[in-house]
Amino acid sequence: MNNIIGIFENLYQRNITILPKTFYLQDTFNIAEDLLGKLIVHYEGHNTTAGRIVEVEIYIGKCDKASHAYRFGKTKRTMVMFERGGLAYVFNVHKYNQFCVVTGEKDHPDAILIRAIEPVYGVEIMKNRRKTENLIKLGSGPGILCQSLNITKKLYGIDLASPNSELFICDDYFIFKKDEIIKTKRIGINYAQEYIHVPWRYYLKNSPFVSVL
DNA sequence: CGGACGATTCTCT
DNA sequence: GAGAATCGTCCGG
């Protein structure tokens, strides 16, 4: 194997399957459930890091008053959400980066925010980046996980389904039961009126790595 | 070009 | 659990 996926598979010593482009064109709520337990990999040679997704939030472009696509329309920042699913939306809030997976067909600007990961690979590198030994503090928050995985705006628009992308999402056959998915209201969107209380935050029950309990 | 503010985090209490 | 830090975006002049 000569591509980045193959190189990572050797490093990781476990079989993986990259999520294909078609995965990101399904219904956004289904994608959100299926992203839980999957692995985000940032390939950077000796600084490669990876984490398991344990918490996500859904943002529906057409109607959702919390969604950047709904609030601002197509701007330089939000543009990528209007492309086809499978691309990375990296943006800034306060001084921190956050990372979303774009879903749906072109001009269907849904996105799924990755809110928490469990550190899985390159943990020492993550500790150095975050300047802490505490594993919980390597993944429990959308800005925090971007620091750990070194996700910056250089990765804006990158194709998460390409076997040669330095940022991709894959399946490593992590097993959990559907009834371990908890659905609650989203965090930090108190301006979103009737969408404040919709249960569009999904996380894995009993995971110590989620951002807020 | 300036003002307002946020898909947050950290550091106290 | 409250308050400050702090800066990129967006929008109105």
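Only this structure's heavy atoms are used, side chains among them; waters, hydrogens and symmetry mates stay out. In what follows, chains are A, B, ... by sequence order, proteins preceding strands, each numbered from 1. These figures come from a predicted structure and were not determined experimentally.
A donor-acceptor contact shorter than 3.5 Å is absent between the side chain of A:Arg77 and the backbone of A:Phe91. Between the side chain of A:Glu166 and the backbone N or O of A:Glu44, no donor-acceptor pair lies under 3.5 Å.
Contacts of A:Phe72 with the nucleic acid, taken as non-hydrogen atoms under 4.0 Å apart, involve only primed sugar atoms and P, OP1 or OP2. Counting non-hydrogen atoms under 4.0 angstrom, A:Glu57 reaches nothing in the nucleic acid. Contact annotation for A:Thr75: backbone-only contact, meaning every heavy-atom pair under 4.0 Å involves sugar-phosphate atoms and none involves a base. Using a 4.0 Å heavy-atom cutoff across all strands shown, A:Arg115 reaches sugar-phosphate atoms only and no base atom. Here A:Tyr89 lies in heavy-atom contact (under 4.0 Å) with a base.
Whole-Å rounding puts the A:Asp110 CG to B:dA7 P distance at 17 Å. Regarding A:His68, its NE2 atom lies at a distance of 12 Å from the P atom of C:dC11, rounded to whole Å. In this entry the distance linking CD1 of A:Ile187 with C1' of B:dA7 reads 10 Å, nearest Å. What separates CD1 of A:Ile60 from P of B:dA7 is a distance of 16 Å, to the nearest Å. Here the P atom of nucleotide B:dG6 and the CD1 atom of A:Ile196 are 12 Å apart, to the nearest Å. The interatomic distance linking A:Asn97 (CG) with C:dC7 (P) rounds to 13 Å, in whole Å. Rounded to an integer number of Å, the gap from A:Ile114 CD1 to B:dA7 P is 17 Å. With rounding to whole Å, A:Gln193 atom CD is found 17 Å from B:dA7 atom C1'.
Counting only Watson-Crick or G-U wobble pairs whose defining distances are both under 3.5 Å, the stems of 3 or more consecutive pairs in DNA chain B are B:1-6 with C:7-12, B:8-12 with C:1-5.
In this structure, A:His94 does not reach the C:dT6 phosphate: none of its side-chain N or O atoms is under 4.0 Å from OP1 or OP2. Between A:Lys65 and B:dA7 there is no side-chain N or O to OP1 or OP2 distance below 4.0 Å. Using a 4.0 Å cut-off, no side-chain N or O of A:Arg201 falls inside it from OP1 or OP2 of B:dA7. Distances shown here put every side-chain N or O of A:Arg71 at or beyond 4.0 Å from the OP1 or OP2 atom of C:dT9. For C:dC10, one of the phosphate oxygens OP1 or OP2 lies less than 4.0 angstrom from a side-chain nitrogen or oxygen of A:Arg77.
Taking the six-membered ring where the residue is Trp, A:Tyr195 and A:Trp200 present tilted rings, their angle falling between 30° and 60°. Taking the six-membered ring where tryptophan is involved, the planes of A:Tyr12 and A:Phe8 are essentially parallel, since the angle between them stays under 30° and well short of 60°.
Of all nucleotides listed (C:dT6, B:dG6, B:dA7), C:dT6 comes nearest to the side chain of A:Lys95.
No side-chain donor-acceptor contact under 3.5 Å links A:Thr28 and A:Tyr59.
One finds the NZ atom of A:Lys65 at 15.5 Å from the CD1 atom of A:Ile60 (value rounded to the nearest 0.5 Å).
Nucleotides of DNA chain B nearest to A:Lys137 and A:Ile189 differ in position, and the one nearer the 5' end is that of A:Ile189. When each of A:Arg130 and A:Tyr191 is assigned the nucleotide of DNA chain B with its nearest heavy atom, A:Tyr191 is the one assigned upstream, toward the 5' end. When each of A:Lys153 and A:Tyr96 is assigned the nucleotide of DNA chain C bearing its nearest heavy atom, the one mapping closer to the 5' terminus is A:Tyr96.
Partners of A:Tyr191 according to the ring-ring contact (aromatic ring centres under 6.0 Å, His included) rule, which considers only residues two or more places apart in sequence or in another chain, do not exist here.
Residue-environment remark: NZ (A:Lys137) stays at or below the threshold of 12 foreign heavy atoms within 6.0 Å.
Under the 90° criterion around 0 for the glycosidic angle, C:dA4 counts as anti.
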